[in-house]
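See below for the structure under consideration.
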Amino acid sequence: MSVIIEEDKIERMLESLLGCDVAITESSHVRPHSSTARGLVTNENRLVAVIACDLPFAHRSGAALSMIPASDDLGEATEPDDDLLLFYNEVANVMSRLLNEAMPSRVRMDPDINHELKDLQAIVSKGQISATVQVDIEGYGQGQLGMWHLPDLT
């Protein structure tokens, strides 16, 4: 089963959450940073989907959500900023609602479940794409966001 999330839904959700204009364009390939991968599970705690992004999106969306003034170095970082990743967690959690609405059964992001990185990477590399987008957050800059799911979600 293919679960596709429309770009306009992503845009509306991010604008509502971040409180600023967001422009979304399709991206053929998102290269997520491992520190941004968040797993979504079923009620039985089965890992079925992943939300992940590059560091620029994680840092910029985290800064926008926390209302930290934008700076040029948000997109230049090569190491995750733990404080901004805490805010990105909330962005990923809210965005998981879009996957939940599109899935045939309920899914949720559960911060109490630690997923092995290899399991998250397997869904990103072998799963089906729900959305891969370039996001431009007004005043903060661009980054990439992706959502993937297991193909056998019947």
Side-chain angles (χ1 to χ4, degrees), residues 3 5 7 9-11 13-20 22-42 45-103 107-151 153:
V3 176
I5 300 172
E7 293 169 16
K9 286 185 177 184
I10 297 169
E11 185 174 276
M13 181 73 76
L14 284 171
E15 284 181 341
S16 176
L17 175 64
L18 302 177
C20 55
V22 172
I24 302 287
T25 54
E26 185 178 345
S27 178
S28 61
H29 185 68
V30 172
R31 296 183 57 92
H33 190 277
S34 61
S35 68
T36 70
R38 303 295 181 264
L40 280 78
V41 297
T42 63
N45 292 331
R46 178 177 168 236
L47 179 64
V48 295
V50 172
I51 295 175
C53 64
D54 60 9
L55 279 181
F57 178 81
H59 290 165
R60 289 172 171 152
S61 65
L65 181 63
S66 63
M67 295 194 267
I68 294 172
S71 66
D72 291 338
D73 62 342
L74 285 174
E76 304 302 320
T78 58
E79 294 297 319
D81 180 301
D82 291 337
D83 293 329
L84 291 176
L85 282 182
L86 284 175
F87 289 103
Y88 161 72
N89 282 341
E90 187 57 28
V91 173
N93 189 37
V94 171
M95 297 307 292
S96 74
R97 179 176 165 203
L98 294 176
L99 275 168
N100 185 44
E101 290 173 357
M103 295 280 196
V107 296
R108 70 188 188 292
M109 196 173 97
D110 190 337
D112 295 327
I113 298 176
N114 282 328
H115 302 285
E116 294 287 327
L117 183 57
K118 65 179 176 57
D119 296 333
L120 297 169
Q121 290 171 330
I123 292 177
V124 171
S125 64
K126 297 177 183 163
Q128 293 183 343
I129 295 171
S130 298
T132 52
V133 294
Q134 177 81 23
V135 181
D136 189 352
I137 304 169
E138 182 182 36
Y140 288 88
Q142 296 182 352
Q144 294 184 321
L145 172 67
M147 298 179 222
W148 298 265
H149 64 277
L150 291 175
L153 294 174

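Index from 1, following the sequence. Here the structure is a predicted model, which is why all the values come from computation and not from measurement.
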Any donor-acceptor pair under 3.5 Å linking the side chain of [X] with the backbone of [Y]?
X	Y	value
Q134	T25	no
T36	C53	yes
T132	H29	no
R108	T42	yes
H59	L84	no
D54	Q144	yes

To the nearest 0.5 Å, what is the distance between [atom1] on [X] and [atom2] on [Y]?
X	Y	atom1	atom2	answer
E90	M109	CD	CE	7.5 Å
S130	H149	OG	NE2	4.5 Å
W148	Q121	CH2	CD	11.5 Å
S125	K118	OG	NZ	12.0 Å

Taking it one step at a time, do I51 and L145 satisfy side chain to side chain contact (heavy atoms under 4.5 Å, CB included)? CA-CA 8 Å; I51 295 175; L145 172 67; 3.9 Å; yes
Within-4.5 Å side-chain heavy-atom neighbours: [X] and [Y]:
X	Y	value
L150	R46	yes
L47	L120	yes
L55	T78	no
M95	L14	yes

Nearest heavy atoms of [X] and [Y], plus distance in Å:
X	Y	value
N100	V107	OD1-N, 2.8 Å
P151	G127	CD-CA, 4.4 Å
L99	A49	CD1-CB, 4.2 Å
I68	Y140	O-OH, 2.8 Å
A52	A37	CB-CA, 3.8 Å
Y88	S61	CD1-OG, 3.9 Å

Can you check side chain to side chain contact (heavy atoms under 4.5 Å, CB included) on R60 and V135, steps first, answer last? CA-CA 10 Å; R60 289 172 171 152; V135 181; over 6 Å; no
Paired with M13, the side chain to side chain contact (heavy atoms under 4.5 Å, CB included) test is passed by just one of L98, I5, V91, L18, namely L98
When V41, L40, I123 are each screened for side chain to side chain contact (heavy atoms under 4.5 Å, CB included) with H115, the one that passes is V41
Review point. Any chance the side chains of N89 and R38 put a donor and an acceptor closer than 3.5 Å?
Key: yes
